[in-house]
Amino acid sequence: MRITVLGSSAGGGFPQWNCNCHNCAGWRDGSVRAKARTQSSIFVQPSHGQDGVLFNASPDILEQIRTNPILQPSRALRDTAIAGVVLMDGQIDHATGLFMLRERGSPLPLWCTDPVEEDLSRGNPILRVLDHYCRVDRHRIGLEGEAFEVPGVPDLQFRAMPLSSKAAPYSPHREQSVPGDNIGMLISDRRSGLSAFYAPGLGEITPPVFDAMSGADAVLVDGTFWTDDEMIGLGLSRKTARDIGHLPQSGPGGMIEWLGRLPRHTRRLLIHINNTNPILDEDSGERAALGRHGIEVCEDHMTIEL
Ligand code: MLT
Ligand code: MN
Ligand code: ZN
């Protein structure tokens, strides 16, 4: 399979429009060596074939399609390589790009869990609004590890698992998460036998999550924050990373520790990186520390071949 990172940033993108933190201001004035990033999404294709699955529909999707020509194979007057969309949660950064796909000539094939379907029908009724445009052909993602496939994308198989993270602020269960608010996805290629685990919003590594990560050849996991109190320290929020469903990288029980326990051959990548995270600064000590642990930082347009 080929995974193309369309957007490697958390909600807000990098630089964020209204932010003057060290990274955002430094990117603008050239004093920080860092790459701009769009909001959280990947595109996954089988090794043989053009059509693939879009994981998350970011508000930056039109720019992502423009700058990744593989998404527009131009086989007909109206065309797309997006055979289906899979949502990892119902947050703004992962779902509002669905509006931008409204010009489709047929209902949009969409896979999401029941709680996400509910949030996107009520709190933020994107799916109901799309009923007035292309409409949505919704498929339910189960949480019992059932495998599913996306028609038109041969050889790839998907299995979801519930994660401990957070629903969007407009969800009735923002403060009392229910299974399916956030999922991780095991993506397997039947031809190569290789697999990837994708979890852009991951608040806690439970035994089943660690098992899934250990069995994968590559993991693309939550890279939102370096420290638990990153936003508090900057005076930008009163909530910790864990409060909003993101496991920080540093410190005891942090992502670096967990990734260090994976089998040696596992490729380890961080994705969904917040604009405040020091790892965006390519000259930072934090970035160097990741390098020493064999952890890569995703950037837009990067591809991972498995
Ligand atoms: C999150 O994952 O916490 C989001 O990026 C928040 C948002 O999109 O506003
Ligand atoms: Mn997010
Ligand atoms: Zn910033």
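What's counted below: heavy atoms across the whole structure, side chains too, no hydrogens, waters or symmetry copies. We count ligands from 1, going down the list as the structure has it; atoms in each ligand are counted the same way. Remember, predicted model here, so these are calculated numbers, not experimental data.
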Those atoms of ligand 1 less than 4.0 Å from some heavy atom in G11: 5 (O), 8 (O)
Considering only heavy atoms from C-beta outward, does the side chain of L6 approach that of I61 to under 4.5 Å? no
The Mn ion (ligand 2) -> D93, closest N, O or S atom is OD2
Can you find a side-chain donor-acceptor pair between N274 and H246 that sits under 3.5 Å? no
Please determine if R140 and E117 form a salt bridge, counting it only when a charged side-chain N lies under 4.0 Å from a carboxylate O. no
Nearest protein heavy-atom contact for atom 6 (C) of ligand 1: which residue, which atom, what distance? Q91 OE1, 3.8 Å
Side-chain H-bond candidate by donor/acceptor type, D300 with S8, under 3.5 Å: yes
Which atoms of the protein, restricted to N, O or S, are nearer than 2.8 Å to the Zn ion (ligand 3)? C19 SG, C21 SG, C24 SG, N275 OD1
Could you walk me through whether E282 and K35 pass the salt bridge (Lys or Arg N to Asp or Glu O under 4.0 Å) test, one step at a time? CA-CA 9 Å; E282 293 169 25; K35 295 191 177 68; 3.1 Å; yes
With backbone taken as N, CA, C and O and side chain as the heavy atoms from C-beta onward, which portion of H246 lies under 4.0 Å from ligand 1: side chain, backbone, both, or neither? side chain
Which residues share a salt bridge (Lys or Arg N to Asp or Glu O under 4.0 Å) with D217, sequence neighbours left out: none
Report whether any nitrogen, oxygen or sulfur of H272 sits less than 2.8 Å from the Mn ion (ligand 2) (N, O or S, backbone or side chain). yes
Identify whether the distance between the nearest side-chain nitrogen and carboxylate oxygen of R138 and D114 falls below 4.0 Å. yes
I279 vs I295, side-chain contact (heavy atoms from CB on, under 4.5 Å): CA-CA, chis, key distance, verdict: CA-CA 11 Å; I279 64 174; I295 301 171; over 6 Å; no
Would you say ligand 1 has an N or O under 3.5 Å from any N or O of A10? no
Going by the 4.0 angstrom heavy-atom rule, the piece of H272 near ligand 1 is side chain
Could you tell me if S58 and N56 have a donor-acceptor pair between their side chains, going purely by distance under 3.5 Å? no
Flag if over 12 foreign heavy atoms under 6.0 Å of CZ, R122: no
Among all protein heavy atoms, pick out the one at the shortest distance from atom 4 (C) of ligand 1; state its residue, atom name and that distance to 0.1 Å. D93 OD2, 3.8 Å
